[in-house]
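Along the sequence shown, the residues carry numbers beginning at 1.
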Amino acid sequence: MPQDPDLAAVAAAAEPFLSPATTTAQQVPQAKEQHQRPRLSRMQMIATYRTMYLSRKLDDKEIQLKGQNKIFFQISGAGHEAVQVAAGIVLKAGYDWFYPYYRDRTLCLQLGMTPLEQLLAAVGAEKDPNSHGRQMPSHWGHKRLNIVSQSSPTGTQLLQAVGCAEAGYRVNLIKELKDRVQNFHADEVVYASLGDGTSSEGECWEALNTACNLKLPVLFLLEDNGYAISVPVEVQTPGGDVSRLVENFPNLLVERCDGTDVLESYAAMKRAVLYCRAGQGPALVHAKVIRPYSHSLSDDERLYRPDEERNADSERDPVKRLGTLLIDEGIINQEGLQGLKDNIDKEVNEAADQALACPQPAPDTAKLYVFSPDVDPGSQQFDTEEAVELSGKPGTMVDLINRCLHTEMTRDPRIVVFGEDVADVSRDDYLEKVKGKGGVFKVTANLQKKFGSARVFNSPLAEANIIGRAIGMATRGLKPVVEIQFFDYIWPAMHQIRNELALLRWRSGNEWKAPLVIRVPIGGYLKGGAVYHSQSGVSTFTQIPGLRVLYPSNALDANGLLRTAIRCDDPVLFLEHKHLYRQAYNKSQYPPDDFMIPFAKARTVREGTNMSIITYGALVQRSVLAAKQAEQQGISVEIVDLRSLAPYDWNAIAATVKKTNRVIVAHEDSLSFGYGAEIAARISDELFEDLDAPVRRVAALDTFVAYAPQLEQAILPQVADVTKAIQELHAY
């Protein structure tokens, strides 16, 4: 068992109060039960009590501070202390990895987080190592201890924990990574905790699915206190027992314990950790705990829990139980126990005074760490576009994206590619027998054949699973380039993208990051794509801080922008228009292997003097055709392809507006609340004096894309729609 760093100090403080009959070698008697329970020494038992009582007193101090309006939120870990301290004893801080949830105060203390560090979070101090004042308290994170920054959504951390463990699994398979990554251990375990309510989340089951399928060393601790705020477990779970539902999952060890009993919890946790370290697969420990306080200070459990139920729980209070055991077994006497409590009370009060004296973050730091402070993908470092030398037979957008993936995977062995159907074949035995799929659009063709199944592989049909695992891998230093098969089905992953991926760096104050690329086929004009294969909800993603969004309109831009996205240090959504994948007009010869286009650099597709069209994606070519028709009427139209939507090239927009004084914003999104609304609003706000006419927009109807070709044509913006807008704006 790992030695508690404060064990010697605890022993010295407790020595005067130990029972004379208790020797240093004496251990706590063991109950007869099915599993042999490990023994804890006298000092280990006292140290365990110390951590548990400290955790409870920190909860109580925060509740007091909240009542005094000195902190702003409180949620407690009371009643969960015993199983958490057991987890902290058998796991290794800074060696194993931790994805706790908000009740895991005791675990974090046992791993080495200090009372002051926890109270710094409560007061929102800049020095708070959890989030530097950016998150609620009890949203744990600590770089040195390998506690990855956690968020408020319940269950999202489980898939990330699986990805974290999978990173170790893949590093062991990829020989080129042996000297390229740090802090990997052959027997490391990834801890992920959840409540009984969280087990109802689909992402919980997706996490178990992949962890069991790959035999990953993930320790799931289910802390079952019987309630998800006010909803009891039997309403959440068939039969009211989550572990009974999963006990037949292949490779999954299921342990059950009374989570208010330290020794029983320690035994269960030790067996689970040994199972994971031995490479046998994941483990789930179902610990029955209590919740003596309300869900949070925003909740009043007396509204839905009768006194008799709450009183019954109080009889199982883990702190009281362990204190009684220490006295009954002669490990410490009553005076000694009270002395220990008094010392802890003093420590907590002093830590609270220190925390309250610490300043909050300065207002001007609010925008720090939305994106990487170290790598600017809009800089000259990423601009090799000028005078690029092309060679070879012209290829389609599919061809040049595929080439970029091949060259980048050759350059950087940290890159892993996965998603639905992206591999050539899932069964390695078939690799030499079949041509291989390589994605429904063949964009990832032959990647698996060249780089192997450890780096290119298929995922389950679960979009949150793809993104959540990728976040965990990226956190460990791998570079996932994942595919969501159709933009229309990205929505199950929205939770992971919006609340986790885009936020990780900012919410942790730059302690953690997850740079990865999400490739997504998007758009309509397919004749038959219909409602669920033609969506273009770009503005939904461009308004998310922390997420970069790219949208190339031709093969060469796709190659250069994708390479920059891969070498970028931020999350990137890379949108690939399906209609443009194999168009002859946007083909290109192949650029060199270091060809890059920086973000926020628009491209002037066509020079003009009478008006400008600002556009991207499939509307670029439609605008070109409309401009050619307008030219026959003596109207000179300039066309600017944004290429990069977040960030976008405001300087290019301003330059073209000042040049022509009339502007159309054209895109495939719906007109209302579409991406063009932001561009049009900013032009009107900042360039009003340069305009000779109102800003016009050309966009799709405020409806959905239909299956019938005639309806699709009416819904999506066509060349005729752009031509009409040009004529009307010119006549204004």
Could you walk me through whether Glu511 and Lys143 pass salt bridge (Lys or Arg N to Asp or Glu O under 4.0 Å), step by step? CA-CA 6 Å; Glu511 299 285 350; Lys143 187 72 173 179; over 6 Å; no

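- Residues passing the side-chain hydrogen bond (donor to acceptor under 3.5 Å, both in side chains) test with Thr210, sequence neighbours excluded: Asn465.
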Identify each donor-acceptor pair in which a side-chain atom of residues 613-625 lies under 3.5 Å from a protein atom, sequence neighbours left out, and give them as a table.
from	atom 1	to	atom 2	distance (Å)
Thr615	OG1	Ala666	O	2.8
Arg622	NH1	Ala618	O	3.3
Ser623	OG	Leu619	O	2.7

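- Between Glu166 and Leu214 there is a side-chain heavy-atom pair separated by less than 4.5 Å.
- Counted within 6.0 Å of NZ on Lys178, heavy atoms from surrounding residues, nucleotides or ligands total more than 12; the atom is thus considered enclosed.
- Every residue meeting the side-chain hydrogen bond (donor to acceptor under 3.5 Å, both in side chains) condition with Arg603, not counting sequence neighbours, appears here in chain and number order: Asp557.
- Atom NZ of Lys578 and atom CE of Met397 lie 12.5 Å apart (nearest 0.5 Å).
- Leu562 contributes atom CG, which lies 8.5 Å from atom OG1 of Thr407 (distance to the nearest 0.5 angstrom).
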When you look at Tyr581 and Glu576, which way does the side chain to side chain donor-acceptor pair (under 3.5 Å) test go after all the steps? CA-CA 8 Å; Tyr581 265 154; Glu576 304 166 4; 2.5 Å; yes

Should Ser149 and Arg507 be marked as a side chain to side chain donor-acceptor pair (under 3.5 Å) after you check the CA-CA gap, both sets of side-chain angles, and the distance that decides it? CA-CA 8 Å; Ser149 171; Arg507 77 177 187 222; 3.0 Å; yes

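- Side-chain atoms of Asn610 and Ser636 include no donor-acceptor pair closer than 3.5 Å.
- With rounding to the nearest 0.5 angstrom, the OG1 atom of Thr540 is 11.5 Å from the CZ atom of Arg498.
- With hydrogens and angles disregarded, no donor-acceptor distance shorter than 3.5 Å links the side chain of Asn559 to the backbone of Ile401.
- In the displayed structure, Phe673 atom CZ is contacted under 6.0 Å by at most 12 heavy atoms of other residues, nucleotides or ligands.
- Residues passing the ring-ring contact (aromatic ring centres under 6.0 Å, His included) test with Phe418, sequence neighbours excluded: Phe457.
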Please test Thr723 against Gln629 for side chain to side chain donor-acceptor pair (under 3.5 Å), starting from the C-alpha separation and ending with a verdict. CA-CA 7 Å; Thr723 301; Gln629 293 179 12; 3.3 Å; yes

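- With contacts defined as side-chain heavy-atom distances shorter than 4.5 Å, the pair Glu712/Leu716 qualifies.
- In terms of heavy atoms, Cys568 sits closest to Lys479 at O-NZ, 2.6 Å.
- Of all heavy-atom pairs spanning Pro571 and Gly546, the tightest one is CD-O, 3.6 Å.
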Stepwise, does the side chain to side chain contact (heavy atoms under 4.5 Å, CB included) test hold for Val572 with Val549? CA-CA 6 Å; Val572 180; Val549 182; over 6 Å; no

Yes or no on salt bridge (Lys or Arg N to Asp or Glu O under 4.0 Å) for Glu631 and Lys628, after CA distance, side-chain angles and deciding distance? CA-CA 5 Å; Glu631 190 173 35; Lys628 289 179 178 179; over 6 Å; no

Side chains of residues 585-597: which donor-acceptor pairs under 3.5 Å do they make with residues two or more places apart or in other chains?
from	atom 1	to	atom 2	distance (Å)
Asn586	ND2	Ser553	O	3.4
Asn586	ND2	Leu580	O	3.0
Gln589	NE2	Gly392	O	2.8

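- Neither side chain, Gln135 nor Asn130, offers a donor N or O lying under 3.5 Å from an acceptor on the other.
- Contact of the Ile653 side chain with the Ile683 side chain is registered, since non-hydrogen atoms from C-beta on lie closer than 4.5 Å.
- Under 3.5 Å, the side chains of Gln448 and Ser453 contain a donor-acceptor pair of N or O atoms.
- The heavy-atom pair separating Pro717 from Glu668 by the smallest distance is CG-CA, 4.3 Å.
- Every residue two or more places apart in sequence or in another chain was checked for a salt bridge (charged side-chain N to carboxylate O under 4.0 Å, His left out) with Arg134, and none qualifies.
- The neighbour count for Lys175 NZ, taken as heavy atoms of other residues, nucleotides or ligands under 6.0 Å away, does not exceed 12.
- Of all non-hydrogen atoms in Ala474 and Leu516, the two that sit nearest each other are CB-CD2, 4.2 Å.
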Could you go through Lys658 and Leu687, starting from their C-alpha distance and side-chain angles, then the distance that decides it, and tell me whether this counts as side chain to side chain contact (heavy atoms under 4.5 Å, CB included)? CA-CA 8 Å; Lys658 290 177 180 181; Leu687 302 174; 3.9 Å; yes

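- Take Asp570 and apply the salt bridge (charged side-chain N to carboxylate O under 4.0 Å, His left out) test, not counting sequence neighbours, and it matches Arg505, Arg548.
- When only modelled atom types and interatomic distance are considered, Gln496 and Gln160 share a side-chain donor-acceptor pair under 3.5 Å.
- Residues that satisfy the side-chain contact (heavy atoms from CB on, under 4.5 Å) test with Ala362, not counting sequence neighbours, are Asp364, Thr365.
- Every residue two or more places apart in sequence or in another chain was checked for a salt bridge (charged side-chain N to carboxylate O under 4.0 Å, His left out) with Asp399, and none qualifies.
- Residues satisfying the salt bridge (charged side-chain N to carboxylate O under 4.0 Å, His left out) test with Arg697, not counting sequence neighbours, are none.
- Contact annotation: the side chain of Phe574 never approaches that of Val481 to less than 4.5 Å [non-hydrogen atoms, C-beta and beyond].
- In this structure, the separation between CZ on Arg414 and CZ on Arg476 is 13.5 Å, given to the nearest 0.5 Å.
- Scanning all heavy atoms of the two residues, the minimum distance from Asn402 to Ala445 falls at ND2-O, 3.1 Å.
- Between Tyr648 and Tyr675, the ring-plane angle classifies as perpendicular under the 30° and 60° cut-offs.
- To the nearest 0.5 Å, atoms CG (Asp424) and CG (Leu447) are separated by 7.0 Å.
- Between Val482 and Ile466, the closest heavy-atom pair is CB-CG2, 3.7 Å.
- To the nearest 0.5 Å, atom CD of residue Glu638 and atom CD1 of residue Ile664 are 12.5 Å apart.
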Would Glu385 and Arg643 count as a salt bridge (Lys or Arg N to Asp or Glu O under 4.0 Å) here? Give the steps. CA-CA 14 Å; Glu385 192 173 20; Arg643 308 192 291 190; 2.9 Å; yes

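- Legend: residues meeting ring-ring contact (aromatic ring centres under 6.0 Å, His included) with His533, ordered by chain and number and at least two apart, are Phe486, Tyr489.
- Residues Lys659 and Ser612 fail the side-chain proximity criterion, which asks for heavy atoms closer than 4.5 Å.
- Using a 4.5 Å heavy-atom threshold, the side chains of Arg180 and Val171 count as separate.
- The ring-ring contact (aromatic ring centres under 6.0 Å, His included) test applied to Trp491 returns Phe487, Phe541, not counting sequence neighbours.
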